[in-house]
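What follows is a set of notes on a single structure, which appears directly below.
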Amino acid sequence: MQRESTNEMNLPPIVSPQEWKAAREELLVKEKELTHARDALAAERRRMPRMRVEKDYEFVGPDGRARLADLFEGRRQLIVYRFFFEPGVDGWPDGSCTGCSRLADQMTHPAHLNARDTTLALVSRAPQAEIQRYRARMGWEVLPWYTITDDFDLDFDVDEWHGTLVFFRDDDRIFLTYFLDGRGDEIVGGVYSYLDLTPLGRQEEWEDSPEGYPQGPAHEWVRRHDEYEGPAAARASEEMADQVERYRSERRRHGG
């Protein structure tokens, strides 16, 4: 790609460190307003009504047939991304939808979502043999990826376009709680962006959630993705709690 000469660009002015800091502080006010608005929107999302899923949808995974309930992997929350990889999609069978591939590249390691009782899964119409080949090429082995076998994509309006669906499981009942597509999918990929879509949210005590929802200290639950279970889990928990407290103490010392 040929770079445009900076001499031809209408660049912002060059200023002193003091002026730059003042400009940054001015913009920070607006950024914090946006953060608070995003938090308020997530709180409203957690109070959205739910739609019961009446059909018993079936998929095919690497271990054979699976019902929608199986995609939860025993957890209460499920995020499903409808990934376009199938005959008729540009690049088939060697490649998939480029936008879907970009989003999969930025998806968080599922261990962090699993720690918040949430499973992330991909679904496509491609056969499992093609899915396993392509996910190995792209390095997505840690992401569960299933083949759609029925009207799942048609019923949830993702038959002709990508989309992110959020489900909640209450015993044997499954509910659709949220859906986004189009440019809405631009915001997801990170741990918190996904959790903000779910009915339980980040499950941190600062959040505005309905009474009785699970909540705990902010950030302290976070681990390295291979330290949520096993002997390292307790040590990682103590390290993270200490790190968060040091950060909070420093913020208090500086009046933050």
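What you are looking at is a predicted structure, and each value in this text was computed from that prediction instead of being measured.
Criterion: ILVMFWY side-chain heavy atoms under 4.5 Å apart, direct or through other members. Under it, L120 and L122 are part of a common hydrophobic cluster. Under the 4.5 Å side-chain heavy-atom criterion for ILVMFWY residues, no single connected hydrophobic cluster contains both V53 and L197. Under the 4.5 Å side-chain heavy-atom criterion for grouping Ile, Leu, Val, Met, Phe, Trp and Tyr, Y192 is connected to V166 within one hydrophobic cluster. Taken together through direct or relayed side-chain contacts under 4.5 Å among Ile, Leu, Val, Met, Phe, Trp and Tyr, V158 and M51 form part of one hydrophobic cluster.
Judged by distance alone, the side chain of R50 and the main-chain N or O of P199 form no donor-acceptor pair under 3.5 Å. For the pair E130 (side chain) and P127 (backbone), a donor-acceptor distance under 3.5 Å is absent. The main-chain N or O of T119 is never found under 3.5 Å from a side-chain atom of E73 such that the two would form a donor-acceptor pair. In this structure, R202 contributes its side chain and E207 its backbone to no donor-acceptor pair below 3.5 Å. A donor-acceptor pair is defined here as one N or O able to donate and one able to accept, closer than 3.5 Å; such a pair exists between the side chain of R137 and the backbone of D94.
Between F72 and F167, the ring planes are perpendicular. Angles over 60° get that label, and only those under 30° would be called parallel. The aromatic rings of Y134 and F83 lie perpendicular to each other, with more than 60° between the two planes, well past the 30° mark. Note on ring orientation: taking the six-membered ring where Trp is involved, the planes of H225 and H109 are parallel (angle under 30°, cut-offs 30° and 60°).
No more than 12 heavy-atom neighbours from other residues, nucleotides or ligands sit within 6.0 angstrom of CD on E44. Within a 6.0 Å sphere centred on CD1 of I14, other residues, nucleotides and ligands contribute 12 heavy atoms or fewer. Environment of CD in E141: crowded, with over 12 heavy atoms of neighbouring residues, nucleotides or ligands closer than 6.0 Å. Atom CD of E229 has 12 or fewer neighbouring heavy atoms from other residues, nucleotides or ligands inside a 6.0 Å radius. Taking a 6.0 Å sphere around CG of D56, one finds it holds more than 12 heavy atoms contributed by other residues, nucleotides or ligands. The environment of CZ in R102 is crowded: more than 12 heavy-atom neighbours from other residues, nucleotides or ligands sit within 6.0 Å. Residue E160 qualifies as open at atom CD: its count of foreign heavy atoms under 6.0 Å is 12 or below. More than 12 heavy-atom neighbours from other residues, nucleotides or ligands sit within 6.0 angstrom of CZ on R75.
Y194 is not listed as a side-chain neighbour of H112, based on a closest heavy-atom distance of 4.5 Å or more. Put simply, the side chain of Y213 does not reach to within 4.5 Å of the side chain of Q203, judged on heavy atoms. Looking only at side-chain heavy atoms (C-beta outward), I79 and T118 come within less than 4.5 Å of each other. Annotation: side chain of H162 is not in contact with side chain of C97 (no heavy-atom distance under 4.5 Å). Annotation: side chain of M138 is not in contact with side chain of S96 (no heavy-atom distance under 4.5 Å). A heavy-atom distance below 4.5 Å is found between the side chains of P110 and L143.
Of all heavy-atom pairs between T147 and R125, the closest is CG2-O, 3.9 Å. Across every non-hydrogen atom of Q106 and V188, the tightest pair is NE2-O, 2.7 Å. Looking at every heavy atom in both residues, R82 comes nearest to D159 through NH2-O, 3.8 Å. Across every non-hydrogen atom of G74 and R169, the tightest pair is O-NH2, 3.0 Å. In terms of heavy-atom proximity, W145 sits nearest to Q128 at O-NE2, 3.2 Å. Taking all atoms of both residues into account, the shortest heavy-atom contact from D153 to D150 is OD1-O, 3.8 Å.
Between Y81 atom OH and S124 atom OG the span is 9.0 Å, to the nearest 0.5 Å. Once rounded to the nearest 0.5 Å, the distance linking CZ of R173 with CD of E54 reads 10.5 Å. Taken from OG1 in T198 to CG in D117, the straight-line distance is 9.5 Å, to the nearest 0.5 Å. For the atom pair CD (E33) and OG1 (T35), the distance works out to 10.0 Å, reported to the nearest 0.5 Å. Note: E86 CD to I131 CD1 = 10.0 Å, rounded to the nearest 0.5 Å. Here the CG-CG distance, from D157 to D181, works out to 8.5 Å after rounding to the nearest 0.5 Å.
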Practice item. Take V123 and L71 through the test side chain to side chain contact (heavy atoms under 4.5 Å, CB included) and record every step on the way to the result. Key: CA-CA 10 Å; V123 297; L71 272 59; 4.2 Å; yes
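Geometric assessment of R45 against the ring of Y178 yields a positive cation-pi assignment under the 6.0 Å and 45° thresholds.
With F85 as the partner, the ring-ring contact (aromatic ring centres under 6.0 Å, His included) test is satisfied by one option alone out of W92, Y146, W140: W92.
Shown here are the side-chain contact (heavy atoms from CB on, under 4.5 Å) partners of E25, two or more places apart in sequence or in another chain: K21, L28.
For residues 42-66, every residue pair satisfying the ring-ring contact (aromatic ring centres under 6.0 Å, His included) rule, not counting sequence neighbours, is listed here: Y57-F152, Y57-F156, F59-F152.
Between D208 and R47 a salt bridge is recorded (basic side-chain N to carboxylate O distance below 4.0 Å).
Side-chain atoms of W221 and E204 form a donor-acceptor pair, as typed in the model, at a separation below 3.5 Å.
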